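Order of listing sets the numbers, starting from 1, for every ligand and every atom in it. From a predicted model like this one, the values you see are computed outputs, not experimental measurements.
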Amino acid sequence: MPSDPLSQKEIEDRLRELPGWAFEDDRIERTYRVDTHRAASALVSHICVVQDELNHHSELTLGYNTVRLSVNSHDAGGVVTEKDFALAERVETLAPAHGAA
Ligand SMILES: C[C@H](O)[C@H](O)[C@H]1CNC2=NC(N)=NC(=O)C2=N1
């Protein structure tokens, strides 16, 4: 998968397809809200499995009933690449099963 930096326009175009995601400080990020702390913990665990599968890892912040995911591509110099959006799309696919909104 290409790890070239995406342009601002490419990022904006991709974010239009990912409601809830935002671009800030050279990272893309999203906060998921779930019903319970256990559900938030399970969501974190599931995300970690996918991150290891993709070999692409975000900063994950576990709150009482929230999970904040923030990611960019270290190997590309800490900028947003296709790999970040690939992770975002995988998490968007798995999140609903955890009751995430
Ligand atoms: C050696 C290992 O493949 C690299 O460090 C991987 C691990 N996870 C990663 N995660 C992220 N976000 N960016 C990377 O460049 C990256 N590289």
Side-chain angles (χ1 to χ4, degrees):
M1 177 172 294
S3 61
D4 304 320
L6 294 177
S7 69
Q8 188 67 32
K9 181 181 182 317
E10 287 169 323
I11 292 170
E12 287 164 5
D13 289 348
R14 295 296 296 270
L15 287 175
R16 265 192 287 281
E17 307 300 317
L18 288 166
W21 287 80
F23 174 74
E24 193 162 330
D25 297 333
D26 268 330
R27 309 172 72 83
I28 59 171
E29 55 189 31
R30 170 127 160 54
T31 297
Y32 293 94
R33 187 170 299 280
V34 292
D35 293 336
T36 66
H37 190 56
R38 292 269 180 97
S41 171
L43 177 57
V44 166
S45 297
H46 196 169
I47 292 170
C48 289
V49 169
V50 169
Q51 291 187 155
D52 277 350
E53 175 196 323
L54 297 177
N55 191 32
H56 202 70
H57 303 83
S58 66
E59 300 296 319
L60 283 173
T61 306
L62 173 62
Y64 163 62
N65 64 340
T66 58
V67 176
R68 182 174 182 273
L69 186 156
S70 173
V71 64
N72 65 19
S73 297
H74 317 146
D75 294 351
V79 294
V80 173
T81 72
E82 193 59 48
K83 292 181 179 179
D84 303 302
F85 281 103
L87 175 59
E89 285 160 7
R90 285 290 299 274
V91 178
E92 282 293 293
T93 300
L94 69 84
H98 293 271

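Taking a cutoff of 4.0 Å between a charged side-chain nitrogen and a carboxylate oxygen, Arg14 and Glu82 qualify as a salt bridge.
Remark: Arg30 qualifies as a cation-pi partner of Tyr32 under the 6.0 Å distance and 45° angle criteria applied to the six-membered ring.
One option in Val71, Asn72, Asn55 has a heavy atom closer to atom 3 (O) of ligand 1 than any other, and that option is Asn55. By heavy-atom distance, the residue among His57, Gln51, Lys83, Arg27 lying nearest atom 9 (C) of ligand 1 is His57.
Those atoms of ligand 1 with a heavy atom of Ser73 less than 4.0 angstrom away are 13 (N), 15 (O).
Nearest protein heavy-atom contact of atom 17 (N) of ligand 1 is Asp75 OD2, 3.2 Å. Looking from atom 13 (N) of ligand 1 to the surrounding protein, the closest heavy atom is His74 N, 3.1 Å.
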Output, in order, the C-alpha distance, side-chain angles, deciding distance and verdict of side chain to side chain donor-acceptor pair (under 3.5 Å) for Thr66 and Arg33.
-> CA-CA 4 Å; Thr66 58; Arg33 187 170 299 280; 5.8 Å; no

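For the residue pair Asn65 and His37, no side-chain donor N or O sits within less than 3.5 Å of a side-chain acceptor on the partner.
Within a 4.0 Å radius of atom 1 (C) of ligand 1, the protein contributes no non-hydrogen atoms.
No donor-acceptor distance shorter than 3.5 angstrom exists from the side chain of Asp52 to the backbone of Val49, with no hydrogens or angles considered.
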